[in-house]
Amino acid sequence: MAKVSVAEVMTRQVVYLPEATTLDEAAQAMRDRGIGDVVVTSGPTMVGLVTDRDIVIRAIAENLIPKQTTLGAITSHELIMVEQSATVEEAVRAMRERGVRRLLVCDSDRKVVGIISLSDVALLPTSTLA
């Protein structure tokens with residue numbers, strides 16, 4: 001059976017928000033777009049990733065105020081990328097090794113073209129992962 005590529009299962013919608021964006025604004029953007037993560041920027045530079053889980057664990061559980069706390073305060077600064085031609089198996093291996101649930105997906109020029117998450121992989125039929 002053919003291996004499934006990252007490009008076949010990734011989420012193509014990537015949302016970029018400035019690090020000065022408040023958590024309540026970021027959460028609303030995630031809700032409105034049906035996504036669980038945003039890429040955080042400082043000017044034109046990507047500086048990290050924030051997930052819906054980050055908002056809960058790093059902010060809400062720590063009693064930070066969502067209307068006053070910015071993405072920059074809770075951003076995971078390690079940006080891990082996988083090329084869109086990689087297999088899903090390779091992406092999952094990278095997630096395990098780095099202890100993350102999401103990877104940015106890039107093209108051969110290292111331009112971000114999507115995001116792959118464990119939930120994207122979980123939706124695949126098990127026969128495609130064998």
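- The shortest non-hydrogen separation linking Ala59 to Leu23 is CB-CD1, 3.3 Å.
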Query raised in the report: Can Val6 and Glu90 be said to form a side-chain contact (heavy atoms from CB on, under 4.5 Å), step by step?
Result: CA-CA 9 Å; Val6 168; Glu90 291 168 324; over 6 Å; no

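- Residues Leu118 and Val105 share a single hydrophobic cluster, defined by chaining ILVMFWY side chains whose heavy atoms lie under 4.5 Å apart.
- The shortest non-hydrogen separation linking Leu79 to Leu49 is CD2-N, 4.1 Å.
- Glu89 has a carboxylate O that lies under 4.0 Å from a charged side-chain N of Arg93, or vice versa, which qualifies the two as a salt bridge.
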Query - Worked check of side-chain contact (heavy atoms from CB on, under 4.5 Å) between Met10 and Val113 - result: CA-CA 9 Å; Met10 69 182 186; Val113 295; 3.9 Å; yes

Requested in this report: Could you walk me through whether Met81 and Val112 pass the side-chain contact (heavy atoms from CB on, under 4.5 Å) test, one step at a time?
Outcome: CA-CA 8 Å; Met81 291 187 169; Val112 174; 3.5 Å; yes

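- Heavy-atom minimum distance, Val14 versus Gly114: CG2-CA, 3.5 Å.
- Nearest heavy-atom pair across Val9 and Val4 is CG1-CG1, 3.9 Å.
- Here the OG1-CD distance, from Thr70 to Glu25, works out to 10.5 Å after rounding to the nearest 0.5 Å.
- Closest heavy-atom contact between Ser5 and Ser85: CB-O, 4.3 Å.
- Leu71 and Val15 fall within the same hydrophobic cluster, defined by Ile, Leu, Val, Met, Phe, Trp and Tyr side-chain heavy atoms under 4.5 Å apart, directly or through other members.
- Side-chain contact between Lys67 and Thr22: absent, with no pair of heavy atoms (C-beta onward) separated by less than 4.5 Å.
- Considering only heavy atoms from C-beta on, Thr51 stays 4.5 Å or farther from Arg101 through its side chain.
- Shown here for Leu103 and Ala94, the closest heavy-atom pair between the two residues is CD1-CB, 4.0 Å.
- Put simply, the side chain of Val88 does not reach to within 4.5 Å of the side chain of Glu8, judged on heavy atoms.
- Contact check for Ser108 versus Glu83: side-chain heavy atoms found under the 4.5 Å cut-off.
- The CD1 atom of Ile55 sits 11.5 Å away from the CG atom of Leu64 when rounded to the nearest 0.5 Å.
- Atoms CD and CG, on Gln84 and Leu104 in that order, are 13.0 Å from each other to the nearest 0.5 Å.
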Hey, can you pull the donor-acceptor pairs under 3.5 Å for the side chains in residues 29-42, sequence neighbours left out?
| residue | atom | partner | partner atom | Å |
| --- | --- | --- | --- | --- |
| Asp37 | OD2 | Arg102 | NE | 2.5 |
| Thr41 | OG1 | Leu17 | O | 3.4 |
| Ser42 | OG | Glu19 | OE2 | 3.1 |

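- Looking at Asp107, its side chain does come within 3.5 Å of a backbone N or O of Asp109 through a donor-acceptor pair.
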